[in-house]
Amino acid sequence: MAAKSSARRVARSTDALIDAGLARDDQRAALDAVALRFTVAVTPDMIDLIDPADPADPIARQFAPDPAELTLRPGESGDPIGDEAHSPVKGIVHRYPDRVLLKPLHTCPVYCRFCFRREMVGPGAKALSAAELNAALDYIGTHKEIWEVIVTGGDPFMLSTRRLSTIMAALGRIPHVAVIRFHTRVPVAEPARVTPDLVAALKSDKAVYVAIHCNHARELTPAARQACRRLGRAGIPLLGQSVLLKGVNDNPATLEALMRALVAARIKPYYLHHGDLARGTGHFRTTIEEGQALMRALRGRVSGLCQPSYVLDLPGGHGKVPVGPGYLNRAGDGGYTVEDYRGRRHAYPEKA
Ligand SMILES: *Cc1c(COP(=O)(O)O)cnc(C)c1O
Ligand code: SF4
């Protein structure tokens, strides 16, 4: 415990991980090899949540590097959802007509071991220069079909409040942009960064949404919930974004607890992502069938508010597709057979 409470800094090196009780000395060489390939950082907030005595701790599993990351599986890629194919200018991904991603930086508070952009994020990857950011904002300004801007990265809440304000002001001046959405792990991973100044920097005449990445109920600590309250009090609707991860949340009770904790913190579960085919993440992936069975279990167990859509992001840049279970089958008489939440079948007499 002494080592753990002294670890008040972000753990980035194998030594720091060992000090924090997140790695063993005999893993040193393997973990150094992992860190050369994929960035490592664990915030003190997340270190404090981890029980070093539990080898299956779901928080440690998300952030502590694992030698299994060096095992590559067929189909895995450095750009698993095809961002590059849809990037017209640096920092913009324009895959769907009405919305773009704006990626002003590539740093994160923590580096999730299952991240789909794990080979694009980290301190080695440069943030957009002022000129590049202007070019990205110009692209948005000259494409009138862009209704929504999704600010991501990296993690946009790692920007200084000055840079955030600059981006918000520029987007605020573009008449066709109606919605600005942030995707962030900061409220959970480093809640102290959600300062009143940061919240003030998000103020806009446009609709501003914040999607919070959270995969386990334990991540919603009192400090995290406080950070969410600060955002909520500023009139910002909060969405929850989770990744289905083997050994972290892939059972009905854990998933139920996560969804309930999100909704109780006024965060509406939005997406449950099927694990992307990022390199070295095979030990985290469930099958789609397992994901569907979990979604079925949720449907019966919890409020409609607690139901995310289960989505697969197609490799090659073809976008997200809901892959949740189906409840509807055509019946021989032209109507349907519909399954209820208990799995019982009912005839529904619609004619084709
Ligand atoms: C995920 C993603 C979006 C947002 O999709 P929604 O379904 O609107 O949440 C937009 N653009 C790209 C390139 C994406 O990867
Ligand atoms: S915070 Fe997001 S972008 Fe950063 S490592 Fe985690 S999943 Fe990847």
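As the structure lists them, so they are numbered: ligands from 1, and atoms in each ligand from 1. Just so we're clear, the structure is a prediction, and the values are computed from it rather than from any experiment.
Not close to ligand 1: His86, with no non-hydrogen atom less than 4.0 angstrom away.
Considering Cys108, Gly153, Cys115 only, the shortest heavy-atom separation from atom 8 (Fe) of ligand 2 involves Cys115. Evaluated by nearest non-hydrogen atom to atom 8 (O) of ligand 1, the leading choice among Lys103, Arg95, Arg99 is Arg99. The nearest non-hydrogen atom to atom 10 (C) of ligand 1, considering only Tyr271, Tyr96, Tyr270, comes from Tyr96.
Taking every non-hydrogen atom of Arg185 and a distance limit under 4.0 Å, the qualifying atoms of ligand 2 come out as 1 (S). Residue Val93 has at least one heavy-atom neighbour below 4.0 Å for each of these atoms of ligand 1: 13 (C).
Nearest non-hydrogen protein atom to atom 14 (C) of ligand 1 is Lys320 NZ, 3.1 Å. Ranking protein heavy atoms by distance to atom 2 (Fe) of ligand 2, first place goes to His213 ND1, 4.1 Å. Scanning all protein heavy atoms for the shortest distance to atom 11 (N) of ligand 1 gives Leu101 CD2, 3.6 Å.
Centroid-to-centroid, the aromatic rings of His94 and Tyr139 come within less than 6.0 Å. The aromatic ring centres of Phe63 and Tyr111 sit 6.0 Å or more apart.
Under a cutoff of 6.0 Å and an axis angle of 45°, Arg345 and Tyr336 do not form a cation-pi pair. With a 6.0 Å cutoff to the six-membered ring centre and a 45° limit on the axis angle, Arg118 counts as a cation-pi contact of Phe38. Because its NZ or CZ atom is both nearer than 6.0 Å to the ring centre of Phe284 and within 45° of the ring axis, Arg61 counts as a cation-pi partner of that residue.
Inclusion of Cys112 in the first shell of atom 8 (Fe) of ligand 2 is not supported: no N, O or S atom falls under 2.8 Å.
Checking only distances, Glu148 never comes within under 3.5 Å of ligand 1, N or O to N or O.
Of all heavy-atom pairs spanning Ala30 and Leu70, the tightest one is O-CD1, 4.2 Å.
Of the heavy atoms in Ile150, only side-chain atoms (C-beta onward) come closer than 4.0 Å to ligand 1. Under 4.0 Å from ligand 1, the heavy atoms of Arg181 that appear belong solely to its side chain.
The main-chain N or O of Thr287 is found under 3.5 Å from a side-chain atom of Glu290 such that the two form a donor-acceptor pair. Under the 3.5 Å distance criterion, the side-chain polar atoms of Thr43 are matched with a main-chain donor or acceptor of Ala189.
For Tyr209, the OH atom counts as loosely surrounded, since its 6.0 Å shell holds 12 or fewer non-hydrogen atoms of other residues, nucleotides or ligands.
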